[in-house]
Chemist: 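One structure is given below, represented as structure tokens, and several questions about it will come after.
Both backbone and side-chain heavy atoms feed into the values below; hydrogens, waters and symmetry mates do not.
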Amino acid sequence: MCTGIRFTSTTRSMYFGRNLDWTQGYGERVVVTPPAAQVPAAFDRPGDVDAGNAHAVIGMAIVFNETPLYFDCGNDAGLAVAGLNFPQSACYAPGASTDPDAINVAAYEFPFWVARNFSTLDEVRQALAKTTIVAKPVSSDLPVANLHWIIADATGSIVVEYMRDGMHVWEDDVDVLTNEPDFGWQRTNLRNYLTLTDAEPASPLWGRAQLAPFGSGAGLQGIPGDYSGPARFVKAAFVNSHYPAKDSEGENVTRLFRTLGAVAVPDGAARMADGACEKTLYTSCFSAEALTYYHATYDDPRIRAYRLASCDLSGNAPLNASETSLTA
């Protein structure tokens with residue numbers, strides 16, 4: 001389970017973040033990939049940018065044989081992407097397309113490919129029209145993860161899903177993504193909750209009885225409170241769309257962590273079939289204005305900051321990002 005959101009500040013600067021919900025971590029850490037990094041590609045892609053034009057990328061990842069496997073990341077142009085669990089519906093191409101115009105991308109490298117090569121959402125949309133996402137593992141020891149992705153910049157967000165009938169690129173007008181079912185179903189399901197309101201309900205008359213609400217928040221009666229994908233989608237979409245726009249970096253980082261906190265999963269509340277419990281292992285935030293990646297973990301809710309400008313971008317391999325002061 002996972003939840004991703006995107007919003008903009010009063011000055012139209014983008015903030016993008018996610019909860020990663022799972023039963024265990026994988027040794028993930030904040031990783032920076034410099035523009036000149038020599039990262040092996042899964043397929044020959046002549047259209048990929050060279051090191052001189054590649055973007056610096058920062059986000060949460062594990063590194064396997066010099067390949068950064070990003071869970072979520074942002075780049076120096078303010079474009080961000082996150083992969084979320086999509087176990088029942090994801091169905092990648094079994095092999096590379098032989099179409100000479102096709103762009104073949106392995107699922108494991110998709111977030112990094114997006115962040116390294118593109119500056120804007122429009123550029124991504126154009127490239128996706130020719131892209132095949134392939135079920136090629138990075139190693140025989142690491143199975144292919146079934147995911148879908150939310151990609152965003154200051155102009156909006158899209159959801160990319162690769163299913164049995166091919167690729168779907170959805171315009172995400174609520175700037176939210178969770179898990180199953182597919183985004184089209186989730187977006188339609190919001191119509192079941194269109195009477196939800198942040199306002200205090202009026203006091204109606206039932207015969208001679210006037211019924212007053214117990215207090216503020218009563219307009220949200222009926223909002224789902226469980227931790228399933230549909231429930232988190234509804235709640236995150238409501239909170240994200242109703243949270244007042246903020247001005248400063250600190251206010252917007254707080255907004256992101258508070259919004260995702262509304263759908264964070266506590267230990268013991270979401271037990272899987274094998275008996276293990278999912279929980280929100282970490283929450284992350286990418287600020288396109290400050291080019292800073294923030295994160296906090298389940299056991300340590302302190303928000304840590306990693307400024308791209310404070311990282312060594314001169315190397316040719318992925319490296320661990322250095323934590324910087326929130327007030328620097």
Chemist: Is it the case that the side chain of D172 and the backbone of V176 share a donor-acceptor pair, with hydrogens and angles ignored and the cut-off at 3.5 Å?
Modeler: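 At least one qualifying donor-acceptor pair exists.
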Chemist: Let's go through M60 and V30 carefully: what are the C-alpha distance in whole Å and the side-chain angles of both, what is the deciding distance for side chain to side chain contact (heavy atoms under 4.5 Å, CB included) to 0.1 Å, and is it a yes or a no?
Modeler: CA-CA 5 Å; M60 193 67 72; V30 183; 4.0 Å; yes
Chemist: Sub-3.5 Å donor-acceptor pair from the side chain of E109 to the main-chain atoms of A41, do we have one?
Modeler: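 Not at all, since once roles are kept as given, no pair shorter than 3.5 Å links the two residues.
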Chemist: Which heavy-atom pair separates L121 from I151 by the least distance, and what is that distance?
Modeler: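 Looks like CD1-O, 3.5 Å.
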Chemist: Could you tell me whether R164 atom CZ has more than 12 heavy atoms of other residues or ligands within 6.0 Å of it?
Modeler: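 Counting other residues, nucleotides and ligands, CZ of R164 stays at 12 neighbours or fewer.
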Chemist: Nearest 0.5 Å, what's the CZ-CZ distance between F183 and F233?
Modeler: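 If we round to the nearest 0.5 Å, F183:CZ and F233:CZ are 4.5 Å apart.
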Chemist: Just wondering, do P181 and S89 contact through their side chains at under 4.5 Å, heavy atoms?
Modeler: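 S89 does not reach P181 side chain to side chain.
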Chemist: To the nearest 0.5 Å, tell me how far D198 CG sits from F238 CZ.
Modeler: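 With rounding to 0.5 Å, CG (D198) is 5.0 Å from CZ (F238).
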Chemist: Say whether T67 and N65, considering side chains only, have a donor N or O and an acceptor N or O under 3.5 Å apart.
Modeler: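 No.
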Chemist: Compare all side-chain heavy atoms of L79 with those of S119 and state whether any distance is below 4.5 angstrom.
Modeler: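 Contact flag for L79/S119 side chains = no.
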Chemist: Between N146 and Q88 (side chain of the first, backbone of the second, donor and acceptor by atom type, cut-off under 3.5 Å), is there such a pair?
Modeler: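 Checking the backbone N and O of Q88 against the side chain of N146, no donor-acceptor pair under 3.5 Å is found.
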Chemist: Is there side-chain contact between Y294 and F257, with heavy atoms separated by less than 4.5 Å?
Modeler: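 They are in contact (side-chain heavy atoms under 4.5 Å apart), so the answer is yes.
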Chemist: To the nearest 0.5 Å, what is the distance between CG (L256) and OH (Y243)?
Modeler: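 Output value for this atom pair is 9.5 Å.
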Chemist: Just how far is it from atom NE2 of H55 to atom CG of D76, taken to the nearest 0.5 Å?
Modeler: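 Spacing of NE2 (H55) from CG (D76) equals 6.0 Å.
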Chemist: Identify, with sequence neighbours excluded, every residue that meets salt bridge (charged side-chain N to carboxylate O under 4.0 Å, His left out) alongside E171.
Modeler: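 If we apply the salt bridge (charged side-chain N to carboxylate O under 4.0 Å, His left out) test to E171, skipping adjacent residues, the hits are R125.
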Chemist: Y282 and side chain to side chain donor-acceptor pair (under 3.5 Å): which single residue from T297, N19, D72 fits?
Modeler: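 Among T297, N19, D72, the one that satisfies the side chain to side chain donor-acceptor pair (under 3.5 Å) with Y282 is D72.
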Chemist: Taking the basic N atoms (NZ, or NE/NH1/NH2) and the acidic carboxylate oxygens, is any pair closer than 4.0 Å for R187 and D173?
Modeler: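 Here R187 pairs with D173 in a salt bridge, since their nearest N and O are under 4.0 Å apart.
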Chemist: For residues F86 and L147, report the shortest heavy-atom separation together with the two atoms involved.
Modeler: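 In terms of heavy atoms, the two residues are closest at CB-C, 3.6 Å.
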Chemist: Show, in sequence, the C-alpha distance, side-chain angles and deciding distance for S157 and D175, and conclude whether the side chain to side chain donor-acceptor pair (under 3.5 Å) test is met.
Modeler: CA-CA 6 Å; S157 63; D175 292 322; 2.6 Å; yes
Chemist: For the side chain of Q186 and the backbone of T178, is there at least one donor-acceptor N/O pair under 3.5 Å apart?
Modeler: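 Such a contact is absent between Q186 side chain and T178 backbone.
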Chemist: Compile the donor-acceptor pairs under 3.5 Å between side chains in residues 128-143 and protein atoms, sequence neighbours left out, one pair per line.
Modeler:
{"from": "T131", "atom 1": "OG1", "to": "A127", "atom 2": "O", "distance (Å)": "2.7"}
{"from": "K136", "atom 1": "NZ", "to": "A42", "atom 2": "O", "distance (Å)": "2.8"}
{"from": "S139", "atom 1": "OG", "to": "D141", "atom 2": "N", "distance (Å)": "3.0"}

Chemist: Regarding D122 and T120, do their side chains bring together a donor and an acceptor under 3.5 Å, going by distance alone?
Modeler: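 Distance-only check fails for D122 and T120.
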Chemist: What closest approach, in Å, do R304 and E323 show between heavy atoms, and which atom pair accounts for it?
Modeler: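 Closest approach of R304 to E323, heavy atoms only: CG-OE2, 2.9 Å.
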Chemist: If you compare all heavy atoms of T8 against all heavy atoms of R12, which two are closest, and at what distance to 0.1 Å?
Modeler: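 Distance-wise, the nearest heavy atoms are OG1-NH1, 3.1 Å.
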Chemist: Taking all heavy atoms of A317 and all of E66, pick out the closest pair and write down the distance.
Modeler: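 Looks like CB-OE1, 3.4 Å.
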Chemist: Strictly distance-based, threshold 3.5 Å: is any side-chain N or O of R116 a donor or acceptor partner for the main-chain N or O of A56?
Modeler: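 Checking the backbone N and O of A56 against the side chain of R116, no donor-acceptor pair under 3.5 Å is found.
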Chemist: Within the distance-only criterion (no hydrogens, no angle test), does the side chain of N117 pair as donor or acceptor with the backbone N or O of W113 below 3.5 angstrom?
Modeler: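 Here the side-chain-to-backbone pair exists.
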Chemist: Please report the shortest heavy-atom distance between C311 and S322, naming the atom on each side.
Modeler: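 For C311 and S322, the tightest heavy-atom pair comes out as SG-N, 4.3 Å.
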Chemist: Checking the side chain of D153 only, and the main-chain atoms of G78 only, is there a donor and an acceptor separated by less than 3.5 Å?
Modeler: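 Not at all, since once roles are kept as given, no pair shorter than 3.5 Å links the two residues.
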Chemist: Rounded to the nearest 0.5 Å, what separates atom CG in L313 from atom CG in L319?
Modeler: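 If we round to the nearest 0.5 Å, L313:CG and L319:CG are 8.0 Å apart.
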Chemist: For the residue pair R18 and S284, establish whether any side-chain heavy-atom pair is separated by less than 4.5 Å.
Modeler: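 The answer is yes, as the side chains (C-beta and beyond) meet within the 4.5 Å cut-off.
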Chemist: Whether the side chain of Y193 engages the backbone of K235 through a donor-acceptor N/O pair (distance < 3.5 Å, no angle test) should be reported.
Modeler: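 No.
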Chemist: Can you tell me if CD on E289 sees more than 12 non-hydrogen neighbours from other groups inside 6.0 Å?
Modeler: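 Atom CD in E289 is not packed in, count stays at 12 or less.
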Chemist: Could you go step by step and tell me if R232 and T3 meet the side chain to side chain donor-acceptor pair (under 3.5 Å) rule?
Modeler: CA-CA 7 Å; R232 285 180 287 106; T3 305; 2.9 Å; yes
Chemist: Would you confirm whether R307, through its side chain, and L291, through its main-chain N or O, come within 3.5 Å as a donor-acceptor pair?
Modeler: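 It does not hold such a pair.
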Chemist: Measure from NZ or CZ of R255 to the centre of the six-membered ring of F7, then state whether that distance is under 6.0 Å and the direction lies within 45° of the axis.
Modeler: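 Yes.
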Chemist: I'd like to know if the side chain of R6 reaches the main chain of A80, judged simply by a donor and an acceptor atom lying under 3.5 Å from each other, with no hydrogens or angles considered.
Modeler: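 Such a contact is absent between R6 side chain and A80 backbone.
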Chemist: Kindly indicate, with the supporting measurements, whether the criterion side chain to side chain donor-acceptor pair (under 3.5 Å) is fulfilled by R258 and T254.
Modeler: CA-CA 6 Å; R258 291 297 188 185; T254 297; over 6 Å; no
Chemist: Assess, by modelled atom type and distance only, whether the side chains of E249 and S287 contain a donor and an acceptor separated by less than 3.5 Å.
Modeler: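 Judged by distance alone, the side chains do pair up.
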Chemist: So, applying side chain to side chain contact (heavy atoms under 4.5 Å, CB included) with T280, which one of L20, V263, D21 is it?
Modeler: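 The passing option is D21.
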Chemist: For Q221, is the CD atom crowded, meaning more than 12 foreign heavy atoms sit under 6.0 Å from it?
Modeler: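 At most 12 heavy atoms, drawn from other residues, nucleotides or ligands, come within 6.0 Å of this atom.
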Chemist: Answer whether the closest heavy-atom distance between the side chains of C73 and F286 falls below 4.5 Å.
Modeler: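 With C-beta onward as the side chain, the pair stays apart.
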Chemist: Using a 4.5 Å cut-off on heavy atoms from C-beta on, say whether the side chain of M1 contacts that of N85.
Modeler: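 Sidechains of M1 and N85: no contact.
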Chemist: Which value, rounded to the nearest 0.5 Å, describes the distance between M14 atom CE and T155 atom OG1?
Modeler: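 With rounding to 0.5 Å, CE (M14) is 9.5 Å from OG1 (T155).
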Chemist: Any chance you could lay out the side chain to side chain contact (heavy atoms under 4.5 Å, CB included) test for D182 and W185, step after step, and finish with the verdict?
Modeler: CA-CA 6 Å; D182 64 85; W185 187 98; 4.0 Å; yes
Chemist: Applying side chain to side chain contact (heavy atoms under 4.5 Å, CB included) between Y306 and each of I58, V32, V31, report the one that passes.
Modeler: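 Among I58, V32, V31, the one that satisfies the side chain to side chain contact (heavy atoms under 4.5 Å, CB included) with Y306 is I58.
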Chemist: Hey, mind stepping through T33 and Y70 against side chain to side chain donor-acceptor pair (under 3.5 Å) and telling me if it holds?
Modeler: CA-CA 10 Å; T33 304; Y70 280 105; 2.8 Å; yes
